[in-house]
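Positions are given from 1 along the sequence. A quick note: this is a predicted structure, and the numbers were derived from the prediction, not measured. Basis for what follows: all heavy atoms, side chains included, without hydrogens, waters or symmetry-related copies.
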Amino acid sequence: MVKLIASLLLLAVVAQAYGDFKCSLAVPEITRDWVDMKDACIKGMRHQIQEEINASYQYLAMGAYFSRDTVNRPGFAEHFFKAAKEEREHGSKLVEYLSMRGQLTEGVSDLINVPTVAKQEWTDGASALSDALDLEIKVTKSIRKLIQTCESKPYNHYHLVDYLTGVYLEEQLHGQRELAGKLTTLKKMMDSNGELGEFLFDKTL
């Protein structure tokens with residue numbers, strides 16, 4: 001605490017001695033030829049960032065629901081909280097990519113809108129996994145559309161297309177298959193054992 005007060009006093013003395021500090025500097029004139037992404041692709045990237053954030057919020061709602069003491073499915077809750085974190089990280093990586101390509105020098109304030117989560121309750125774990133699979137399919141379709149946009153003529157953002165195909169689409173396809181398998185197993189267990197089947201399945205997540 002003493003060090004903090006001393007630092008603030010020193011800052012005040014320097015400010016009086018040298019006048020007001022400027023919080024921003026003028027942007028130097030340099031070539032912008034390296035910034036070569038086109039409008040349609042940039043718009044698609046911004047849309048995809050929002051899709052990832054929307055999915056993250058929906059997974060958060062799922063995790064919160066299964067965390068309730070009246071539901072108490074810790075396996076489902078952990079699964080959906082993990083999914084929410086992954087979707088949020090996907091959105092962050094796309095923001096970082098736009099920054100690398102020089103596309104975040106303006107218009108940042110409208111980059112992400114806080115979504116409204118439409119659904120916040122589920123009848124059982126199977127319905128939640130089914131909704132999760134539908135959500136992943138939606139995100140996958142959005143990525144494919146973005147890839148088509150960014151690889152179309154007269155420009156081909158081959159670096160971005162390779163990144164989206166090799167990283168994002170790969171993960172999406174594996175994720176869809178995993179969810180489909182989990183949903184199949186859960187439904188079989190519930191058909192045979194009802195709620196006990198869901199209880200036992202929750203322990204495996």
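The backbone N or O of Gly181 lies less than 3.5 Å from a partner atom in the side chain of Thr185, making a donor-acceptor pair. For the pair Thr149 (side chain) and Lys145 (backbone), a donor-acceptor distance under 3.5 Å is present. Tyr65 places no side-chain N or O within 3.5 Å of a backbone atom of Val71 that could act as its donor or acceptor partner.
Residues forming a ring-ring contact (aromatic ring centres under 6.0 Å, His included) with Tyr59 (at least two apart in sequence, or on another chain): none. Residues that satisfy the side chain to side chain contact (heavy atoms under 4.5 Å, CB included) test with Val117, not counting sequence neighbours, are Tyr57, Gln58, Ala61, Gln120. For the side chain to side chain contact (heavy atoms under 4.5 Å, CB included) test, residues two or more places apart in sequence or in another chain that qualify with Asp124 are Ala126, Ser127, Met190, Glu198.
At least one side-chain heavy atom of Asp110 sits under 4.5 Å from a side-chain heavy atom of Arg46. Using a 4.5 Å heavy-atom cutoff, the side chains of Gln50 and Ile112 are in contact. By the 4.5 Å heavy-atom criterion applied to side chains, Leu98 and Met37 are counted as neighbours. Side-chain atoms of Leu169 and Leu164, non-hydrogen and from C-beta on, never get closer than 4.5 Å to each other. The closest side-chain heavy-atom distance from Glu87 to His90 is below 4.5 Å. Taking the side chain as every heavy atom from C-beta outward, Gln48 and Glu52 approach each other to under 4.5 Å. When side chains are defined from C-beta on, Gln103 does not count as touching Met45, because their heavy atoms never get closer than 4.5 Å. In this structure the side chain of Lys138 reaches within 4.5 angstrom of the side chain of Glu51, judged on heavy atoms.
Closest approach of Met62 to Ala128, counting heavy atoms only: CE-O, 3.7 Å. For the pair Trp34 and Gly102, the tightest heavy-atom approach, listed with the atom from each and the gap, is CH2-CA, 3.5 Å. Taking all atoms of both residues into account, the shortest heavy-atom contact from Pro74 to Asp202 is CD-OD2, 3.3 Å. Nearest heavy-atom pair across Gly197 and Met189 is O-CE, 3.4 Å. The minimum heavy-atom distance between Phe81 and Ser67, with the atom names listed, is CE1-OG, 3.3 Å. The shortest heavy-atom contact between Leu133 and Gln176 is CD1-O, 3.6 Å.
When the side chains of ILVMFWY residues are joined at heavy-atom separations under 4.5 Å, either directly or via intervening members, Ile42 and Val35 end up in two distinct hydrophobic clusters. Under the 4.5 Å side-chain heavy-atom criterion for grouping Ile, Leu, Val, Met, Phe, Trp and Tyr, Leu200 is connected to Phe66 within one hydrophobic cluster. Criterion: ILVMFWY side-chain heavy atoms under 4.5 Å apart, direct or through other members. Under it, Leu183 and Phe201 are part of a common hydrophobic cluster. In this structure, Ile137 is not a member of the same hydrophobic cluster as Ile53, with clusters built from ILVMFWY side-chain heavy atoms closer than 4.5 Å. A continuous path of hydrophobic side-chain contacts links Leu160 to Leu104 [ILVMFWY only; heavy atoms under 4.5 Å].
How far CG of Leu135 is from CG of Leu129: 12.0 Å, rounded to the nearest 0.5 Å. Between the NE2 atom in His47 and the CG atom in Leu94 there is a gap of 11.5 Å [rounded to 0.5 Å]. Atoms CG and NZ, on Asp131 and Lys119 in that order, are 3.5 Å from each other to the nearest 0.5 Å. Atoms OG1 and NZ, on Thr204 and Lys182 in that order, are 6.5 Å from each other to the nearest 0.5 Å. Taking CG from Leu146 and CD from Glu151, the interatomic distance works out to 10.0 Å, rounded to the nearest 0.5 Å.
The pair Arg68-Glu121 meets the salt-bridge criterion, with a side-chain N (NZ, NE, NH1 or NH2) lying under 4.0 Å from an Asp/Glu carboxylate O. By the 4.0 Å N-to-carboxylate-O rule, Glu89 lies too far from Lys93 to be salt-bridged with it.
Residue His174 forms a side chain to side chain donor-acceptor pair (under 3.5 Å) with just one option from Gln172, Glu170, Arg177, Glu178, and that option is Glu170.
Counted within 6.0 Å of NZ on Lys38, heavy atoms from surrounding residues, nucleotides or ligands total 12 or fewer; the atom is thus considered open.
The aromatic ring centres of Tyr97 and His159 sit less than 6.0 Å apart.
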